[in-house]
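As structure tokens, the structure follows; a few thoughts come after it.
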Amino acid sequence: MNYLEIKHLKKHFQQTEVLKDISFSVKPGEVVSIIGPSGSGKSTLLRCCTFLETLSSGEIAYMGETAVSAEDGKKPVYAPTASFKKIQHYFGLVFQNFNLFPHYSVLRNITEAPRLILKKSKAEAEANAMRLLQKVGLADKAKAYPCELSGGQQQRVAIVRALAMEPSILFFDEPTSALDPELTREILEVIRLLAEDHMTMVIVTHEMSFAKAISNRVIFMADGYIVEEGTPEQVFEHPTQERTKQFLSHYQENRE
């Protein structure tokens, strides 16, 4: 069973079609990187997958359960409330700009949702939070506030906050775009550790060498379409589409 199944997804804002017939699936334990030029629809796709945007047509299913489906020109139809709430717990999302609560300590940022939504006891939520903070090297920052942390530390806390909700699949929307190169390495290392633990992930990224190293599959998007999809070796070393070759040649030029 696929953890995520996207079928013929389209999204338009007024007259502008941003996503044009997108279909793909994500298997358990798979790391899928989505690459492509700015404005290709990558972040909009993630926002549709996590219900931050409504789709214009198509279908999104998690764990074999249809979460939402829509026909062109009609309102989307969502799963019944109880089922939809359950589906929302299947995934977590890490934003590019951290989105931590500034007036909560690191520990409270991480434990608030597990206590309120998963109904975990304070002791259980805090024990789990400390275990995860230890894993990303931030156990000593539990009592600190976001303003006292570097950008890389804030992003690691944001990752832990998402993991504390015990998602089956984790989405990353350009997780390093707000960080300098040194802090970027910190975050990529955490994501690499998650991949080694077989965490299922979908990562929108402009870090090509990272996408190549960590992914089971790479999706190249341009102009609202999936132009090419395959293993990192296929997409990076032997692209078949002219648009992919063009994009990757710019990437190679920038590296040199």
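Small disclaimer: the values here were computed from a predicted structure and weren't measured.
- Listed by first and then second residue, the ring pair (Phe, Tyr, Trp, His ring centres under 6.0 Å) pairs involving residues 1-32 amount to none (not counting sequence neighbours).
- In this structure, the side chain of Lys42 engages the main chain of Gly36 through a donor-acceptor pair within 3.5 Å.
- Partners of Lys122 under the salt bridge (charged side-chain N to carboxylate O under 4.0 Å, His left out) rule, at least two apart in sequence or in another chain, do not exist in this structure.
- Among pairs with a residue in residues 115-147, none fulfils ring pair (Phe, Tyr, Trp, His ring centres under 6.0 Å), at least two apart in sequence or across chains.
- Judged as a salt bridge (charged side-chain N to carboxylate O under 4.0 Å, His left out), the pairs with a partner in residues 136-162 (not counting sequence neighbours) are, in order, Arg156-Glu186.
- Applying the salt bridge (charged side-chain N to carboxylate O under 4.0 Å, His left out) test to pairs two or more places apart or on separate chains, those with a residue in residues 75-97 are Glu65-Lys86.
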Return a table of donor-acceptor pairs under 3.5 angstrom between the side chains of residues 173-183 and protein atoms on other chains or two or more places apart.
{"from": "Asp173", "atom 1": "OD1", "to": "Ser43", "atom 2": "OG", "distance (Å)": "2.7"}
{"from": "Asp173", "atom 1": "OD2", "to": "Ser43", "atom 2": "OG", "distance (Å)": "3.4"}
{"from": "Glu174", "atom 1": "OE1", "to": "His206", "atom 2": "N", "distance (Å)": "3.3"}
{"from": "Glu174", "atom 1": "OE1", "to": "His206", "atom 2": "ND1", "distance (Å)": "2.5"}
{"from": "Ser177", "atom 1": "OG", "to": "Gln96", "atom 2": "OE1", "distance (Å)": "3.1"}
{"from": "Ser177", "atom 1": "OG", "to": "Glu174", "atom 2": "O", "distance (Å)": "3.3"}
{"from": "Asp180", "atom 1": "OD1", "to": "Glu182", "atom 2": "N", "distance (Å)": "3.1"}
{"from": "Asp180", "atom 1": "OD1", "to": "Leu183", "atom 2": "N", "distance (Å)": "2.9"}

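- Without hydrogens or angle criteria, Thr231 side chain to Gln234 main chain gives a donor-acceptor distance under 3.5 Å.
- Scored by the salt bridge (charged side-chain N to carboxylate O under 4.0 Å, His left out) test, Glu126 finds no partners at all (sequence neighbours excluded).
- Residues Lys212 and Glu237 are paired through a salt bridge, judged by an N-O separation under 4.0 Å between the basic side chain and the carboxylate.
- Partners of Glu228 under the salt bridge (charged side-chain N to carboxylate O under 4.0 Å, His left out) rule, at least two apart in sequence or in another chain, do not exist in this structure.
- The residues Asp197 and Lys135 are annotated as salt-bridged, a charged nitrogen and a carboxylate oxygen being separated by less than 4.0 angstrom.
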Name every donor-acceptor pair, under 3.5 Å, that has one atom in a side chain of residues 103-110 and the other anywhere in the protein, sequence neighbours excluded.
{"from": "Tyr104", "atom 1": "OH", "to": "Arg108", "atom 2": "NH2", "distance (Å)": "3.2"}
{"from": "Ser105", "atom 1": "OG", "to": "Arg108", "atom 2": "N", "distance (Å)": "3.1"}
{"from": "Arg108", "atom 1": "NE", "to": "Glu112", "atom 2": "OE1", "distance (Å)": "3.0"}
{"from": "Arg108", "atom 1": "NH2", "to": "Glu112", "atom 2": "OE2", "distance (Å)": "3.4"}
{"from": "Asn109", "atom 1": "OD1", "to": "Phe101", "atom 2": "N", "distance (Å)": "2.8"}
{"from": "Asn109", "atom 1": "ND2", "to": "Phe101", "atom 2": "O", "distance (Å)": "3.1"}
{"from": "Asn109", "atom 1": "ND2", "to": "Tyr104", "atom 2": "O", "distance (Å)": "3.2"}
{"from": "Asn109", "atom 1": "ND2", "to": "Ser105", "atom 2": "O", "distance (Å)": "3.2"}

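- Shown here are the ring pair (Phe, Tyr, Trp, His ring centres under 6.0 Å) partners of Phe220, two or more places apart in sequence or in another chain: Phe247.
- Contacts classified as ring pair (Phe, Tyr, Trp, His ring centres under 6.0 Å) and involving residues 31-74 (residues at least two apart or in different chains) are given here: Phe51-Phe84, Phe51-Phe91, Tyr62-Phe91.
- Residue Gln134 qualifies as open at atom CD: its count of foreign heavy atoms under 6.0 Å is 12 or below.
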Hey, mind stepping through Glu166 and Lys120 against salt bridge (charged side-chain N to carboxylate O under 4.0 Å, His left out) and telling me if it holds?
CA-CA 12 Å; Glu166 299 168 2; Lys120 290 192 178 246; 2.7 Å; yes

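- To the nearest 0.5 Å, atoms CD1 (Ile60) and CD1 (Ile6) are separated by 4.5 Å.
- Evaluation of the salt bridge (charged side-chain N to carboxylate O under 4.0 Å, His left out) rule for Lys20 yields no partner, not counting sequence neighbours.
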